[in-house]
Amino acid sequence: MPELPEVETVRRTLENFVKNKRIRHVDVFYEKMISNDVQSVLIGKTIEKIDRLGKYLIFNLGSHDLIVHLRMEGRFFLKPYDEPRDKHEHVIFYLDDFTMRYHDTRKFGTFDLRIKEDTYKTPPLSLLAKDPFEIDANLFYERIKRKNQAIKTVLLDQKMILGLGNIYADETLFRSKIHPAKKASTLTKKQTKLIIENAKDILRESIALGGTTIRTYTSSLGVTGRFQHSLGVHQKLNEPCPNCQTLIEKQVINGRSSFYCKTCQKR
DNA sequence: CCCGTGCCCTGGCGGC
DNA sequence: TGCCGCCAGGGCACGG
């Protein structure tokens, strides 16, 4: 599941190859992903650059932006024009001299076209909070105090704090020694600041290692992340805690699997 | 407004 | 070996 570090890795890698390339043609094999009118706008546009906001990629096409969310399994591959289509390739962009193909086994990914002026003024991007690098700790604490949800749920809420998904939320709470089911409103200011600092550290470390390659999600373009070797608790049910050897437990919180050490992480 | 639930989708896995 | 049912999960719609 690509979170901020994985999406940043994709952005950096992909931009190297497709920057200043023109979209000559687009084939869509799953209509729910891109509608016909969107498709026609894309043709003839040049990919000027690729930005990222949280887990969204923003392809700058001059007058328009194409906003892409990879969700769980979305990936881009670069292939020659004549390479046969894989059954999970749902959108093929024919660029100047090769194709950029959107591959997504679960078809959860999304494409949204906006005229440039609207990109950051309209949903989904207009609704997003700031990421851990930009967020104001005092304001975040004020908002967290009024939340009746578990802190894990709050960290996954992109309107509260941007860029964390299930992996990095679990790891942030582990490093902060806070139980994922702890009510957000009971956190101290000190704990809130600790969460932000640890989230920054973890995201930075992961970006430096090319993200996390776990289970379903491997990046494309030959990039294999290495942060999975740094994980403390996520997906480590019944493995010993790296701090105290207590076996890692799992609890479903608001429908999301949450891994934690019951000894290190206080409720 | 706030919060919880179900949905989207399909490969992979456990159980028999 | 084969088949069935269930699970994973980010964001959003919906309902209490």
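No hydrogens, no waters, no symmetry mates; every other heavy atom, side chains included, goes into these values. By convention in this document, chain letters (A, B, ...) are assigned in the order of the sequence lines, proteins followed by strands, and residues within each chain are numbered from 1.
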Check: Partner of B/dC8 by Watson-Crick or G-U wobble geometry, both contacts under 3.5 Å, or none?
Finding: C/dG10

Checklist line | Check against salt bridge (Lys or Arg N to Asp or Glu O under 4.0 Å), A/D51 and A/R11 | finding: CA-CA 7 Å; A/D51 289 321; A/R11 190 197 69 76; 5.5 Å; no

Could you tell me how far apart [X] ([atom1]) and [N] ([atom2]) are, to the nearest whole angstrom?
X: A/M160; N: C/dG10; atom1: CE; atom2: P; value: 17 Å
X: A/R106; N: B/dC7; atom1: CZ; atom2: P; value: 17 Å
X: A/L127; N: C/dC12; atom1: CG; atom2: P; value: 7 Å
X: A/F108; N: C/dG9; atom1: CZ; atom2: C1'; value: 7 Å
X: A/E31; N: B/dC9; atom1: CD; atom2: P; value: 14 Å
X: A/M72; N: B/dG12; atom1: CE; atom2: C1'; value: 15 Å
X: A/K145; N: B/dC2; atom1: NZ; atom2: P; value: 16 Å
X: A/R75; N: B/dT10; atom1: CZ; atom2: P; value: 15 Å

Between [N] and [X], is there an OP1 or OP2 to side-chain N/O distance shorter than 4.0 Å?
X: A/Y56; N: C/dG10; result: no
X: A/K107; N: B/dT10; result: yes
X: A/Q149; N: B/dG4; result: yes
X: A/H69; N: C/dG11; result: yes
X: A/H88; N: B/dC9; result: no
X: A/K55; N: C/dG11; result: yes

Notebook entry, point to check: Can we call the ring centroids of A/F111 and A/Y102 under 6.0 Å apart?
Noted result: yes

Notebook entry, point to check: Would a line drawn from the ring center of A/F17 to the ring center of A/F76 be shorter than 6.0 Å?
Noted result: no

Notebook entry, point to check: Is A/K250 touching bases, backbone alone, or none of the nucleic acid, heavy atoms closer than 4.0 Å?
Noted result: sugar-phosphate

Next item on the list: Give one of base, sugar-phosphate or nothing for A/D104, where a contact means two heavy atoms less than 4.0 Å apart.
Entry: nothing

Please determine, for the side chain of [X], which listed nucleotide ([options]) has the closest atom?
X: A/N166; options: C/dC12, B/dT10, C/dG9; value: C/dG9
X: A/R71; options: B/dG11, C/dG9, C/dG11; value: C/dG11
X: A/K159; options: C/dA8, B/dC3, C/dC12; value: C/dC12
X: A/S257; options: B/dC9, B/dC3, C/dA8; value: C/dA8

Next item on the list: Check step by step if salt bridge (Lys or Arg N to Asp or Glu O under 4.0 Å) holds for A/D201 and A/R204.
Entry: CA-CA 5 Å; A/D201 288 347; A/R204 253 192 233 110; 3.3 Å; yes

Checklist line | Position toward the 5' end of DNA chain C (nearest nucleotide), A/P124 or A/V252 | finding: A/V252

Next item on the list: For the residue pair A/N138 and A/K189, confirm or rule out a side-chain donor-acceptor distance under 3.5 Å.
Entry: yes

Check: Any ion pair linking A/K107 and A/D104 (charged N to carboxylate O, less than 4.0 Å)?
Finding: no

Item checked: Any N/O donor-acceptor pair, A/R256 side-chain to C/dA8 base, under 3.5 Å -> no

